[in-house]
2 protein chains.
Amino acid sequence: MRNPKPRYQQLKDSIIARISSGELLPTDRVPSENELVEEMQVSRMTANRALRELNDEGYVERVAGRGTFVSDYRSRSHLLEVHNIADEIERRGNTHSSLVLRQSKQKARGEVAKALHVEQGTAVFHLLLVHYENESPIQLEDRHVVASFAPGCIDQDFTAVTPSAYLTGVAPLQEAEQAVRASIANKGIRARLEMNDDEAALVVIRRTWSRGRPVTFARLHHPGSRYELTGHYAPPGTLKSTSADVVQLENIGQ
Amino acid sequence: MRNPKPRYQQLKDSIIARISSGELLPTDRVPSENELVEEMQVSRMTANRALRELNDEGYVERVAGRGTFVSDYRSRSHLLEVHNIADEIERRGNTHSSLVLRQSKQKARGEVAKALHVEQGTAVFHLLLVHYENESPIQLEDRHVVASFAPGCIDQDFTAVTPSAYLTGVAPLQEAEQAVRASIANKGIRARLEMNDDEAALVVIRRTWSRGRPVTFARLHHPGSRYELTGHYAPPGTLKSTSADVVQLENIGQ
DNA sequence: TGGTCTAGCCTGTATATACAACTTGACTGG
DNA sequence: CCAGTCAAGTTGTATATACAGGCTAGACCA
């Protein structure tokens, strides 16, 4: 990094910084190419390249004739494929419902505090709910949320809006980390998911960040006989024949 | 598609076509910007945009002063994160070894023929091997390969080069599809993987394409207590603090 | 009031030009 | 023969300019 970064990259960085800091919020208007030309003393082609690449990378969305706008993270398909169990179920043409088992405020302890990078005793919300696909339990969601990110979490009706969708609204998703495991779930979980004793569980453990800090930590149990994660990976530009035997689904989200 | 595609996109398409058809092979030189200017009657900036985007998308690699070259798929990190159990194990600092249980030529039947989109009776290779991480079995690989894609498959020493790595060499990976499931493996698989009777298996079922046709179909069983899939998703440009509790691994490959 | 039209802004693309930095191979002088 | 130099080709960036096409608010007219 001895040489200074190219001009267009500096432009991109400065706009990304404004978005990350919260100065520019989703759906906010980003300075137009001509405004950047004046403000930043660059040619329009340079401003165009910066904004075009930010568009390609999913940070902003551009509309000819209207302008450039900070992406609403709900639809940032390039950056992070947003995943929501309710959307996924509806995409399959089935109906989603959920049952809230717990929705409480707690102090972070042990594993949870460590995962969320907060001090022991910090306020977190604990959510426990079962998601159903056509009356059949498909996911047990055990989630902790840093309270300061989602003050209204305790009053939210999570049968109407899933925690994932709610969180996406209050805390722009920037980064996600997940692990997928197979295990034998304990008796309580098996009962909630109506699993046989000899049925394995597919467990997704997911942590997401917003503004550089962990926001939520979730353990998602699924019945192994009724749930699978599927992904389809194709080079950009390759238009897929949407064949019936391909389910496109990126299991990423909060 | 009423309006003609923009010129730079036509350029990209024509180069992608040359790559997909095999006219241009990995490491081959792609016409330089100035050559494209003459051949295609465009300005250099247009040729530059086409090649630059192909570079961003992972189709080609550009080296200032040397030229533009078709990507070696082994390192196409943008397009498809190439995954190889041996590399993964070595990245963890452990040693990989494998045991070949079967390496035979067969006629495709039933599920296999269907998955590989070939007629019943078409020649396929069947591979069955166990991968070890430090003497501990970590993956049972049960794979079928369309014979016409990999004629030398039967003579290959798969303890030296994993099937995944070998296939990546002979059939440029273009597209991948995978499903992840949790299940209780049968007794034979449990024995090979030294799993307890009450241990779940993480099963990855993967199909990959080259030149528009399915090449290989694999079922990969892993012991649930010793293996997990982990992924980390961050917006491009966000430089990660490589913290110890984050394992970066995209489980994609052939 | 209500519909239409247009001016002005925006993005999208294309071109010509310029200079910098890197790589390679050939040439040249010792 | 070797080492240094240089020229040619390549990518990378930056600018000025031009035109096409989408969108919108406000002017204008019926």
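Side chains included, hydrogens not; waters and symmetry mates left out as well; all remaining heavy atoms used. In what follows, every chain begins at residue 1, and chains take the letters A, B, ... in the order their sequences are listed. Predicted model, so just to flag it, every value in this text is computed and none were measured.
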Output yes when A:E61 and A:R66 qualify as a salt bridge under the 4.0 Å nitrogen-oxygen rule, no when they do not.
no
On the nucleotide D:dG12, are OP1 or OP2 found under 4.0 Å from the side-chain N or O atoms that B:R62 carries?
yes
Output a table of nitrogen or oxygen pairs between the protein and nucleotides 5-9 of chain D separated by less than 3.5 Å.
residue	atom	partner	partner atom	Å
D:dG9	N2	B:G65	O	3.1

Residue-phosphate contact under 4.0 Å: B:T68 side-chain N/O, D:dT10 OP1/OP2
no
Is any NZ, NE, NH1 or NH2 atom of the basic residue among B:R219 and B:E141 found under 4.0 Å from an Asp or Glu carboxylate oxygen of the other?
no
Salt bridge (Lys or Arg N to Asp or Glu O under 4.0 Å) pairs, two or more places apart, involving residues 41-50 of chain B:
B:E33-B:R44, B:R49-B:E53
Who are the ring-ring contact (aromatic ring centres under 6.0 Å, His included) partners of A:F125, not counting sequence neighbours?
none
Heavy-atom closest contact (B:V37 atom, B:V42 atom, distance)
CG1-O, 3.2 Å
Sequence neighbours excluded, every pair satisfying ring-ring contact (aromatic ring centres under 6.0 Å, His included) that has a member inside residues 156-177 of chain B:
B:F158-B:Y166
Close approaches to DNA chain C from residues 41-51 of chain A, in residue order (heavy atom, under 4.0 Å):
A:R44, A:M45, A:N48
Answer yes or no: does a side-chain N or O of A:Y8 lie under 4.0 Å from OP1 or OP2 of D:dA14?
no
Who passes side-chain contact (heavy atoms from CB on, under 4.5 Å) against A:D157, sequence neighbours left out?
A:T159, A:A160
Validation row: A:L25, A:V70 side chains within 4.5 angstrom (heavy atoms):
no
Tell me the interatomic distance from B:L36, atom CG, to C:dT15, atom C1', rounded to whole angstroms.
16 Å
